[in-house]
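Structure first, then comments.
We name chains A, B, ... by the order of the sequence lines, and we start the count at 1 in each one. If you're wondering where the values come from, they're calculated on a predicted model, not measured in any experiment.
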Amino acid sequence: MSDEQKSLKQIIAFRKEKLADLRTAGVDPYPHSFSADHYSDQIKAEYSELEGQDVTIAGRIMSLRKMGKAAFTHVQDQTGQIQCYVRRDEVGPDQYTAFKKLDIGDIIGVTGYVFTTRMGEISIHAKAVTVLAKSIRPLPIVKEKDGETFDAFEDKELRYRHRHLDLVVNPEIKEVFVKRGKIIREMRNYLDDRGFLEAETPILQPLYGGAFAKPFVTHHNALDQKLYLRIADELYLKRLIVGGFDKVYEIAKDFRNEGMDRSHNPEFTMLEFYQAYVDYEYQMDQVEDLIRSVARQLDGLQVEWNGLAIDLEKPFSRRPILELLREATGHDLNNTNTEELARIARSFDLTLPEQTNYGQLLDLLMKELVEPNLIQPTFVIDYPKAISPLAKMHRSGDPELVERFELFIGGLEFANAFTELNDPLDQRQRFEDQARLRSGGDEEAQTMDENFLEAVECGMPPTGGVGLGVDRLVMLLTDQHSIRDVILFPAMRNK
RNA sequence: GCGCCAGUAGCUCAAUUGGCAGAGCAGUUGACUCUUAAUCAAUUGGUUGGGGGUUCGAUUCCUCCCUGGCGUACCA
């Protein structure tokens with residue numbers, strides 16, 4: 001492995017020597033604290049007031065140009081970089097000797113007055129340089145001239161595996177994670193302002209449910225019992241609704257043991273919120289409003305994503321799934337059976353899985369023929385009962401339809417929501433139907449959850465519930481096209 | 001899971017039909033008190049992702065494996 005390479009070892013050995021030299025010279029290379037009073041961007045912004053004034057900054061050495069008895073260095077703090085001019089006659093021979101032992105990557109504090117160099121760069125003329133942390137492992141060095149970048153650190157694998165380096169060397173990516181923080185904060189604010197309770201439900205669950213997915217399995221030693229990492233928190237949050245909390249939400253890490261690609265990470269963040277006495281129509285309004293409210297905290301309601309201009313301001317359209325499928329296939333799918341669906345799918349050259357059921361076929365048709373075209377925000381509504389075991393029958397009286405919506409933007413699914421099924425007998429029946437699918441080979445069919453059913457049997461108020469993919473919302477609002485670029489430490493194979 | 005592509009120094013990349021594994025930056029030593037890819041001089045650094053094979057000789061050809069990227073399938 002590259003860590004074992006001789007030349008890297010050599011570099012580290014040299015740095016350790018310098019570290020020892022510093023200690024010999026009476027310099028503590030790892031002091032316990034330091035007080036800076038300015039950030040680099042602030043000094044640049046307030047240059048006219050600060051010129052000639054003393055400031056103290058702290059940060060990492062990103063470039064170093066030593067010239068005998070003087071040197072220039074760029075120091076990077078949380079806000080950016082600023083150049084420091086260090087002159088022996090100014091800082092004194094002891095500090096200058098110590099300074100000469102420093103490397104790119106070391107953390108230092110600099111006190112000095114603000115000035116502009118002959119080349120016109122706002123800089124700090126150092127009066128004192130303090131070593132705050134010596135680095136012994138080299139940083140990838142990115143250089144730049146006339147807007148051209150040299151030796152960029154851009155290997156995706158290295159960036160994801162060594163995110164600390166990525167953040168140091170490509171500081172522009174910090175913006176994505178700052179925005180991610182804002183998005184989540186605004187979600188909380190939005191729901192808190194409307195009287196929602198933030199709840200925490202189990203991640204380790206004896207039964208998993210609330211979505212169609214394969215779980216991660218683990219084992220509790222003391223209980224000698226199998227546990228699953230949650231795939232959703234739906235069933236627990238609904239128990240809280242039964243218990244009398246009328247508005248609850250959780251921003252939850254969910255875990256699904258499935259493939260990973262640019263829109264799927266095995267652990268991902270989902271916002272789920274449930275509100276008693278409202279239906280899915282109310283929730284459509286609320287989701288629209290929530291997304292707008294979050295977008296306003298960032299760059300506004302006109303969003304550019306993946307080269308697509310997406311308008312979050314116009315009312316999101318609401319289209320029944322069967323209507324969309326009729327437009328896409330030319331067939332009225334009301335009252336179709338599995339065989340007819342399969343025939344239609346084949347007529348569009350879609351490859352069908354060996355074993356397939358009605359719900360999976362509908363899903364396939366949607367995915368292939370409809371979803372990629374749902375660029376502007378669209379609520380797909382009124383799903384077939386067969387693929388919605390937790391959603392309530394449609395008020396229209398159609399025995400095949402439930403009150404459910406999914407939100408699509410840019411061809412990606414962002415939310416899934418129902419008027420929640422609160423008829424305990426119907427719910428039991430649905431679980432039994434799922435169990436049949438399961439024994440028929442559908443691994444993702446949901447499992448009978450007696451504890452949940454018992455709760456519903458105690459009486460659950462009419463409820464509207466929503467699940468919203470947080471990572472995807474971050475992707476949309478930061479114009480990132482891979483989920484790995486909105487997750488600080490995306491899942492990677494063990495090396 | 002399947003398909004395509006890639007892996008050479010700490011970083012970014014070369015290496016002709018199979019013929020001594022190279023450059024820039026970083027590092028080391030020295031010079032240099034307004035530089036900014038600092039400059040100048042000298043210099044260190046390699047099990048070419050790993051195993052096996054073909055060959056007098058493999059970074060190059062074959063094969064298996066590892067890792068990643070992209071696409072595709074399932075899922076949000």
Between B:C70 and B:U29, how far apart are the two P atoms, rounded to whole Å? 41 Å
A:K18 side chain N/O closer than 4.0 Å to the phosphate oxygens (OP1, OP2) of B:U28? yes
In whole Å, what separates the C1' atom of B:G19 from that of B:A26? 32 Å
Reckon A:T117 touches a base, only the sugar-phosphate, or nothing at all at heavy-atom distances under 4.0 Å? base
Pick the P atom in B:U55 and in B:C62, then give their distance to the nearest Å. 16 Å
Whole angstrom is fine here: how far is it from CZ in A:F405 over to P in B:A76? 15 Å
If only side-chain N and O atoms count, and only distance matters, is there a donor-acceptor pair under 3.5 Å linking A:D233 with A:Y274? no
Is B:U60 paired to anything, Watson-Crick or G-U wobble with both distances less than 3.5 Å, and if yes, which nucleotide? none
My understanding is that only one of A:E420, A:Q283, A:Q286 makes a side chain to side chain donor-acceptor pair (under 3.5 Å) with A:Q275; could you say which? A:Q286
Kindly point out which of B:C70, B:U36, B:U28 is positioned nearest to the side chain of A:F14? B:U28
Partner nucleotide, any strand, of B:A15 [Watson-Crick/G-U, under 3.5 Å]: none
Where the side chain of A:H74 is concerned, which of B:A76, B:U36, B:U67 is the nearest nucleotide? B:U36
Between B:A76 and A:F268, is there a base-stacking contact, meaning the centre of the base's six-membered ring lies under 5.5 Å from the residue's ring centre while the planes stay under 30° apart? yes
Applying a 3.5 Å limit to both distances, which nucleotide forms a Watson-Crick or G-U wobble pair with B:G3? B:C70
Rounded to whole Å, the NZ-C1' distance (A:K100 to B:U29) equals 12 Å
Name the one of A:R163, A:H162, A:H164 that satisfies side chain to side chain donor-acceptor pair (under 3.5 Å) with A:D166? A:R163
Please confirm whether the shortest side-chain N or O distance from A:R256 to OP1 or OP2 of B:C74 is below 4.0 Å. no
Any A:R65 side-chain nitrogen or oxygen under 4.0 Å from OP1 or OP2 of B:A38: yes
Which one is paired to B:G10, where only Watson-Crick or G-U wobble pairs with both distances under 3.5 angstrom count? B:C25
Euclidean distance, atom CZ of residue A:R88 to atom P of B:C32 [Å, nearest integer]: 10 Å
Options B:U28, B:C11, B:U35, nucleotide nearest the side-chain atoms of A:E121: B:U35
Whether the A:D89 and A:Y96 side chains hold a donor-acceptor pair (N or O, under 3.5 Å, no angle test) is what I'd like checked. no
A:Y85 and A:T73: side-chain donor and acceptor closer than 3.5 Å? no
Check every atom of B:G68, B:U35, B:U28 against the side chain of A:D103 and return the nucleotide holding the closest atom. B:U28
Would you say A:R262 places a side-chain N or O within less than 4.0 Å of OP1 or OP2 belonging to B:G71? yes
